[in-house]
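Below: one structure, written as structure tokens.
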Amino acid sequence: MASVGSDKNGSRRIVFATQDGKRLSIRLGKVSQRTAETVKWRVEQLLEGLRFNRPMEAALAEWVGGLEPQFAKKLGRTGLIPANEAKPQLGPFLADWLASRKGDYKPASLIAWGQVTRALVRSFGDSCPLAEITPAKAEQFRQSMIAAGLRPTTIHKRVAHARSFFAFAKRGGLVSSNPFEFVKHRQGDPSERRAYVSSADALRAIEYAPDGDWRLLIALSRFGGLRIPSEAFSLRWQDVDWERGRILVPSPKTEHMPGRAFRAIPLFPEIRPYLEAAWDRAPEGSVYVMPEKYRLRAQGPGGWRNANLRTTLGKILRRAGLESWPRLWHSMRASCETDLARRFPLAVVCKWIGNTQAVALRHYVDVTDADFERAANEEKMGDEKTVQKAAQQVPVWSGTGPQPKKPVYDKPLILQGFASTRETLQNKGMEARGIEPRSRNASTPISTCLSSPFLPGQIPCGFFLARSPSSFR
């Protein structure tokens with residue numbers, strides 16, 4: 001427990017005892033009794049947290065973060081708060097956050113987060129207290145990136161990363177609220193930096209590739225949809241099932257997710273010749289499909305980042321007389337998924353490529369010129385069929401042309417069996433009295449009635465109704 005004490009000159013102080021029984025005091029100066037009681041209550045909260053080893057609540061952390069530096073030092077000297085965390089600073093906090101995640105995330109993710117942390121430190125300063133970053137300053141950070149000419153997708157990602165940083169600080173009690181919670185930026189159109197690479201262009205690039213390894217690499221990207229370089233350089237010969245026509249593709253990007261370390265794709269006919277050629281020239285006992293000289297150069301401490309494949313592919317395109325397209329390797333992978341989506345259900349294609357349908361529709365599948373041409377041709381063919389059908393259905397007036405044949409099913413089916421050979425029932429003479437036999441008197445033998453033109457079992461029921469039972473005796 002803590003208590004409020006007063007000096008003769010009117011100054012107030014907070015007196016409390018530490019866990020080891022040592023009696024300490026914090027001088028407040030000449031303040032009101034109400035202010036002194038508030039500080040006393042906060043000191044008791046800090047003592048309780050130290051006693052039970054509990055983190056600060058959000059309101060208490062906000063109060064500590066808003067203290068004046070001199071008074072925060074007093075609390076730090078008494079041990080109520082760590083001296084170096086009296087006011088958590090932006091630079092040290094972000095550095096500790098990144099260091100704590102080096103063993104859980106891919107190097108490429110850490111690089112992207114590092115870019116955001118450096119941008120935040122440049123904008124607010126390394127020693128800026130976290131509590132002093134307000135929503136207005138967070139919005140200024142977004143506006144500064146817009147003024148710097150960064151792409152909308154980059155701004156969107158950096159704002160999202162900054163929001164994650166401060167959400168972690170809020171959960172740890174370092175700040176009371178997240179200044180980036182309501183700062184948003186709309187993503188750009190991914191198709192602006194993506195191009196459809198036709199099969200003809202890919203084959204021409206393969207033709208001008210320097211060796212068979214490069215020909216295989218381009219084929220795996222454009223016709224197999226493999227990620228370059230990580231998946232292509234991780235592919236082993238034991239992953240190729242020649243008999244069943246399948247390839248088990250290892251995926252370093254998603255291996256930390258349950259069930260997504262590998263995915264199976266068909267051994268597409270466009271890939272097979274280049275893969276067979278690589279098998280023929282591979283040394284005895286080779287493990288990986290791509291030679292070690294490429295793998296060792298591509299994989300470094302930061303992951304698959306040192307391959308320098310983009311530069312070499314650009315030279316190949318120039319030799320082939322092709323114009324370089326944006327995002328060289330990703331565009332070929334996206335073009336592969338675009339072609340497959342025309343032939344197979346999208347759910348199946350996404351299993352082969354290794355993404356979701358939402359990601360595929362936004363970042364991979366494109367509408368090509370061939371789609372427009374096919375749709376236009378189908379519409380033209382549909383118009384021709386409509387005109388032809390309408391011409392066939394024009395009514396023919398009497399005497400102006402051949403009369404349409406009457407469908408067979410319009411003829412009376414049962415009565416057709418009553419006509420003689422080569423004679424229709426309509427041409428056969430019939431009396432006006434109808435088809436039922438006329439009534440006979442008692443002297444007319446029944447055989448006369450049964451001789452009427454009816455098949456056995458088809459005697460009209462009216463005949464029997466016209467006779468009394470005594471007539472058949």
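Quick caveat, the model's predicted, so the values are computed rather than measured.
Between Tyr208 and Leu322 there is no side-chain heavy-atom pair separated by less than 4.5 Å. The closest side-chain heavy-atom distance from Leu60 to Leu46 is below 4.5 Å. Counting heavy atoms from C-beta on, the side chains of Leu313 and Met332 come closer than 4.5 Å. The shortest side-chain heavy-atom distance between Leu120 and Ser123 does not fall under the 4.5 Å cut-off. The closest side-chain heavy-atom distance from Phe16 to Thr78 is below 4.5 Å. Between Arg163 and Lys184 the shortest side-chain heavy-atom distance falls below 4.5 Å. Between Pro88 and Val175 there is no side-chain heavy-atom pair separated by less than 4.5 Å. Looking only at side-chain heavy atoms (C-beta outward), Leu226 and Ile265 come within less than 4.5 Å of each other.
Checked against the 6.0 Å centroid threshold, Phe268 and Phe223 do not count as a close aromatic pair. Aromatic ring centres of Tyr288 and Trp237 lie farther apart than the 6.0 Å criterion allows.
Arg12 places a side-chain N or O within donor-acceptor distance of the main-chain N or O of Val31, the cut-off being under 3.5 Å. Remark: side-chain polar atoms of His185 are not paired, donor with acceptor, to backbone N or O of Ile155 under 3.5 angstrom. Within the 3.5 Å criterion, the main-chain N or O of Trp352 finds a donor-acceptor partner in the side chain of Arg263. Listed for the Ser335 side chain is a donor-acceptor partner under 3.5 Å among the backbone atoms of Val197. With Thr312 contributing its side chain and Leu309 its backbone, the two residues share no donor-acceptor pair below 3.5 Å. Thr154 contributes no side-chain N or O that, together with a main-chain N or O of Leu150, makes up a donor-acceptor pair within less than 3.5 Å. Between the side chain of Arg222 and the backbone N or O of Leu203 there is no donor-acceptor pair closer than 3.5 Å. With hydrogens and angles disregarded, no donor-acceptor distance shorter than 3.5 Å links the side chain of Ser6 to the backbone of Gly10. Remark: the backbone N or O of Arg27 is paired with a side-chain donor or acceptor of Lys74 at under 3.5 angstrom. Lys40 places no side-chain N or O within donor-acceptor distance of the main-chain N or O of Ile14, the cut-off being under 3.5 Å.
The two residues Ile316 and Ile218 come nearest to each other via the heavy atoms CD1-CD1, 4.4 Å. The two residues Leu216 and Ala278 have their closest heavy-atom pair at CD2-CB, 3.8 Å. Nearest heavy-atom pair, Met290 versus Asp213, reported as atom, atom and distance to 0.1 Å: CE-O, 3.8 Å. The two residues Phe93 and Ala169 come nearest to each other via the heavy atoms CZ-CB, 3.6 Å. The two atoms that bring Ala72 and Ile81 nearest to each other are O-CD1, 3.8 Å, heavy atoms only. Annotation for Asp239 and Pro250: closest pair OD2-CD, 4.0 Å, computed over non-hydrogen atoms.
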For this session: For the pair Phe165 and Val116, evaluate side chain to side chain contact (heavy atoms under 4.5 Å, CB included) and give the outcome as yes or no after the intermediate values.
Result: CA-CA 10 Å; Phe165 298 156; Val116 184; 3.9 Å; yes
Problem set entry | CA sep, side-chain torsions, deciding dist, call: Tyr274, Ile206, side chain to side chain contact (heavy atoms under 4.5 Å, CB included) | CA-CA 10 Å; Tyr274 306 104; Ile206 290 175; 3.6 Å; yes
For this session: For Glu139 and Arg142, run salt bridge (Lys or Arg N to Asp or Glu O under 4.0 Å): C-alpha distance rounded to whole Å, both residues' side-chain angles, the deciding distance at 0.1 Å, then the answer.
Result: CA-CA 5 Å; Glu139 177 61 26; Arg142 186 181 75 92; 2.7 Å; yes
For this session: May I have the step-by-step check of side chain to side chain contact (heavy atoms under 4.5 Å, CB included) for Met145 and Arg158, ending in yes or no?
Result: CA-CA 9 Å; Met145 291 188 291; Arg158 292 192 177 184; 3.7 Å; yes
Problem set entry | Step-by-step side chain to side chain contact (heavy atoms under 4.5 Å, CB included) determination, Leu80 to Leu24 | CA-CA 11 Å; Leu80 291 176; Leu24 300 175; over 6 Å; no
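No more than 12 heavy atoms of other residues, nucleotides or ligands sit less than 6.0 Å from atom CZ of Arg246. Remark: Asp20 CG is packed, more than 12 non-hydrogen atoms of other residues, nucleotides or ligands lying under 6.0 Å away. Heavy atoms of other residues, nucleotides or ligands lying less than 6.0 angstrom from NZ of Lys157 number 12 at most. The environment of Glu57 atom CD is sparse: at most 12 non-hydrogen atoms of other residues, nucleotides or ligands sit within 6.0 angstrom.
The CH2 atom of Trp242 lies 4.0 Å from the CG atom of Leu275; values are rounded to the nearest 0.5 Å. Annotation: the span from Ser144 atom OG to Lys137 atom NZ amounts to 13.5 Å, rounded to 0.5 Å. Atom CZ in Arg204 sits 15.0 Å away from atom OG in Ser199 (nearest 0.5 Å). Note that CZ of Arg118 is 7.5 Å distant from CZ of Arg122, once rounded to the nearest 0.5 Å. With values rounded to the nearest 0.5 angstrom, Leu267 atom CG is found 4.0 Å from Arg272 atom CZ. Here Arg42 contributes atom CZ and Leu47 contributes atom CG; the two are 13.5 Å apart, rounded to the nearest 0.5 Å.
Taking the six-membered ring for Trp and thresholds of 30 and 60 degrees, Phe180 and Phe166 have ring planes inclined between 30 and 60 degrees apart.
The pair Lys30-Asp7 fails the salt-bridge criterion, with no side-chain N (NZ, NE, NH1 or NH2) lying under 4.0 Å from an Asp/Glu carboxylate O.
A side-chain donor-acceptor contact under 3.5 Å links Thr35 and Ser32. Side-chain contact annotation: Glu231 with Ser251, donor-acceptor N/O pair under 3.5 Å present.
Residue pairs meeting the side-chain hydrogen bond (donor to acceptor under 3.5 Å, both in side chains) criterion with at least one member in residues 320-333, sequence neighbours excluded: Arg333-Tyr364.
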